Protein chains: 2
Amino acid sequence: MGITSRDVARLAGVSQPTVSRALRGDPRVSDETVRRVRQAAEALNYVPSEAGRSLSTRSSHRIGVLVSDLTNPFYPHLVGPLHDELEAHGYRMMLFTERSEAMGAAERLTDHSIDGLVLATSTLDSALPAELQRRELPFVYLNREGTTPADAVVVDNRLGGEQVANQLVASGHRHIGGIFGPDNTSTGRDRELGFRQALADAGIALRPAHTKHGPFEFETGRTALPELLAADPAPTALFCGNDVVAIGVLDAARRLGVQVPAELTVIGFDDIPMAAWTSFELSTVRHDLHEMARTAARLVVERVSGTYTGEPRRIVLSPRFIERQTHATPLDG
Amino acid sequence: MGITSRDVARLAGVSQPTVSRALRGDPRVSDETVRRVRQAAEALNYVPSEAGRSLSTRSSHRIGVLVSDLTNPFYPHLVGPLHDELEAHGYRMMLFTERSEAMGAAERLTDHSIDGLVLATSTLDSALPAELQRRELPFVYLNREGTTPADAVVVDNRLGGEQVANQLVASGHRHIGGIFGPDNTSTGRDRELGFRQALADAGIALRPAHTKHGPFEFETGRTALPELLAADPAPTALFCGNDVVAIGVLDAARRLGVQVPAELTVIGFDDIPMAAWTSFELSTVRHDLHEMARTAARLVVERVSGTYTGEPRRIVLSPRFIERQTHATPLDG
DNA sequence: CGATAACGTGCATACGTATGAACAAGGAGG
DNA sequence: CCTCCTTGTTCATACGTATGCACGTTATCG
């Protein structure tokens with residue numbers, strides 16, 4: 001079986017509580033005792049049991065992170081900084097990769113193995129946030145936000161959508177299309193909203209035949225492109241829900257022999273590292289993924305530690321248009 | 001504070017142990033009592049505390065999975081199936097993303113928050129496996145294996161390397177190069193070994209100026225290509241340590257204006273989904289990632305549950321060459 | 001009808017750690 | 001010389017669940 005603090009106590013010739021205090025740096029323990037306990041712990045390879053500690057302190061010092069699908073290249077770039085920032089605050093990250101926020105997710109999250117949660121893939125219609133609130137598990141929205149009020153760290157997605165629309169209009173595009181994210185995500189909805197609004201303000205129509213909706217996945221872009229190009233007139237520019245979708249479009253364009261950007265302008269959103277690959281050189285909307293993740297970590301830590309107990313906070317980061325090689329004036333301009 | 005089994009017991013008018021038994025499906029509890037307990041638990045939103053359960057049963061029903069870097073597209077494809085298969089066996093996955101198997105990793109892994117571990121990124125010179133063995137934490141090597149004996153699920157990497165060499169030779173290539181993985185990984189080493197052996201058997205030299213080593217990352221391929229092409233004569237074919245490296249090479253080739261496969265044949269290893277994208281159409285060596293992950297999950301579950309207690313097992317999966325569009329006969333053939 | 005078995009439930013306790021309170025030993029001050 | 005404080009340690013117990021064992025009840029059989 002495992003080594004317990006009792007074993008260490010026996011070897012060091014002290015009581016179990018003294019072992020606990022010595023190793024946790026309680027100032028009431030004498031230096032000499034600390035030395036003896038440390039030595040004994042070392043000799044036995046003692047590692048305190050997290051289960052015991054959690055039970056006793058009623059806190060696990062772990063923060064959950066819920067993402068949907070790690071094979072989507074977007075999420076790993078969020079998870080890394082989250083891990084590091086939580087670590088820096090003395091918390092450990094516990095990653096949950098629920099495909100869907102399925103039945104039972106709330107139960108699994110509230111079994112006291114985490115003190116708080118970062119929701120990175122919440123949908124607007126999800127029942128999970130309300131359920132978490134009811135069960136009093138502190139949580140923070142990251143990237144996407146839901147309808148239940150809670151701390152949130154997001155990008156100004158409307159502004160990003162506007163920036164893209166303005167760029168396209170300024171470049172002379174008049175047949176503009178969009179492959180938007182799911183309606184039940186705040187990111188998908190707001191990017192589309194801002195984009196549509198700015199186009200409308202510029203007096204440019206966005207035809208239904210030039211738009212699609214779909215999950216933020218490679219396949220969405222890949223399958224959408226041929227369908228959109230079948231429209232008459234075909235769009236000369238496409239705004240994609242995020243970079244992963246845009247890269248799917250670029251991949252499909254290659255397959256179809258469509259020249260980008262000569263025949264088609266493609267714009268993404270997020271500026272993940274892959275967007276900068278020579279194979280894609282994707283024009284996109286950049287925001288600071290790392291900063292976003294770090295901020296979310298900070299907020300959730302403040303919640304679980306009780307450092308902050310006030311009203312929900314909403315941190316909004318600013319996006320910026322990044323011009324690369326998938327962006328040009330239209331042939332028929 | 002949280003709802004405990006005592007609260008449920010009080011509401012249902014039974015004792016705490018009965019609640020435990022009722023919810024865990026102990027056959028000794030009467031149907032009527034089960035019904036009452038269930039109802040009370042439901043009404044209170046009771047979720048059993050994992051910490052309490054772990055402490056009492058001395059097992060967490062959690063399996064750790066240690067990977068280095070999730071932004072490497074290879075790993076998410078391993079993690080997904082692992083998660084599902086562990087789930088199917090009644091275990092939960094706990095993902096650890098240590099950048100390095102740093103000091104203290106062994107301690108964090110042996111704090112009894114996991115019953116066993118899947119090592120997906122072990123290096124040959126790592127001290128971690130030996131340390132885990134000393135601390136008696138069951139573990140399984142996945143994809144890569146180490147020197148400390150333990151269950152392992154791997155690909156026949158030597159055979160894969162041989163297959164690539166034979167293909168290149170059969171296609172008429174004589175100036176062949178390689179961008180191999182790190183020497184301290186079993187995958188890097190074995191693929192290189194098989195490749196070199198088969199070339200030697202065919203009487204074809206592998207010049208030092210045509211080879212490089214580096215981590216299994218995009219950047220490795222991207223930076224290596226120009227250096228290798230500077231050799232005289234330049235290689236007409238390159239075997240890459242894995243797909244991610246090969247995609248880095250393809251990306252660099254695009255930047256340099258090198259035509260693939262007309263001027264350069266590029267071969268990868270793993271057949272991750274991205275290899276099949278139109279943008280790459282990478283010829284590669286396929287093995288069953290999902291099967292590999294599922295098998296590792298099975299082995300580690302057998303270990304922690306005590307179903308299997310015998311000698312270490314080594315499961316070897318067979319690779320198969322997949323011909324796509326980055327593979328042709330050389331111009332100077 | 002009494003002995004016995006089968007069934008259902010409660011009691012006591014273990015798991016490993018942390019912590020408030022009690023306590024022992026020693027030193028300072030009156 | 002007694003009191004009071006300081007310092008370092010131990011005692012007792014809590015945390016929430018699971019489980020061996022004892023116990024009570026009812027059905028079963030001789």
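Predicted, not measured: the structure shown is a model, and the values here were computed from it. Letters A, B, ... are given to chains in the order of the sequence lines, protein chains preceding strands, and every chain is numbered from 1.
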**Report entry** Whole-Å distance separating the CG atom of Leu55(A) from the P atom of dT17(D)
**Finding:** 9 Å
Query raised in the report: With the sugar-phosphate defined as primed atoms, P, OP1 and OP2, and the base as all remaining atoms, what B/S/- string results for nucleotides 18-24 of chain C, 5' to 3', for protein heavy atoms under 4.0 Å?
Result: BBBB---
**Report entry** N or O in side chain of Ser54(B) less than 4.0 angstrom from dT17(D) OP1/OP2
**Finding:** no
Query raised in the report: Distance check: side-chain N/O of Ser30(A) vs OP1/OP2 of dT9(D), anything under 4.0 Å?
Result: yes
Query - Spacing of Arg10(B) atom CZ relative to dT17(D) atom P, expressed in whole Å - result: 12 Å
Query raised in the report: Is there a donor-acceptor pair under 3.5 Å between the side chain of Asn72(B) and the backbone N or O of Asp69(B)?
Result: no
**Report entry** First encountered from the 5' end of DNA chain D, between Arg36(A) and Arg6(B)
**Finding:** Arg36(A)
Requested in this report: Classify the side-chain pair His61(B)/Asp115(B) by whether it contains a donor and acceptor separated by less than 3.5 Å.
Outcome: no
Query - Carboxylate-amine/guanidinium proximity below 4.0 Å for Glu50(A) and Arg108(B) - result: no
**Report entry** d(CD, Glu32(A); C1', dT7(D)) in whole Å
**Finding:** 15 Å
Query - Atom-to-atom span, CD of Glu50(B) to C1' of dA18(D) - whole angstrom - result: 13 Å
**Report entry** Under 4.0 angstrom between Ser49(B) side-chain N/O and dG16(D) OP1 or OP2
**Finding:** no
Query raised in the report: With a 4.0 Å cut-off on heavy atoms, is Val19(A) in touch with a base, just the backbone sugar-phosphate, or nothing at all?
Result: nothing
**Report entry** Pairwise side-chain contact, Val300(A) with Phe139(A), heavy-atom cut-off 4.5 Å (strictly under)
**Finding:** no
Query raised in the report: Arg36(A) pairs by side-chain contact (heavy atoms from CB on, under 4.5 Å) with which of Val19(A), Asp31(A), Val14(A)?
Result: Val14(A)
Report task. Write down the distance between CG (Asp7(B)) and C1' (dG16(D)), rounded to a whole number of angstrom. Result -> 11 Å
Query raised in the report: What's the CG-C1' distance between Asp26(B) and dT17(D), to the nearest Å?
Result: 14 Å
Query raised in the report: Is there a side-chain contact between Glu87(A) and Met93(A) (heavy atoms, below 4.5 Å)?
Result: no
**Report entry** Any Thr185(B) side-chain heavy atom under 4.5 Å of Phe216(B) side chain
**Finding:** yes
Requested in this report: Starting from P on dA14(C), measure out to CZ on Arg58(B) and report it in whole angstrom.
Outcome: 11 Å
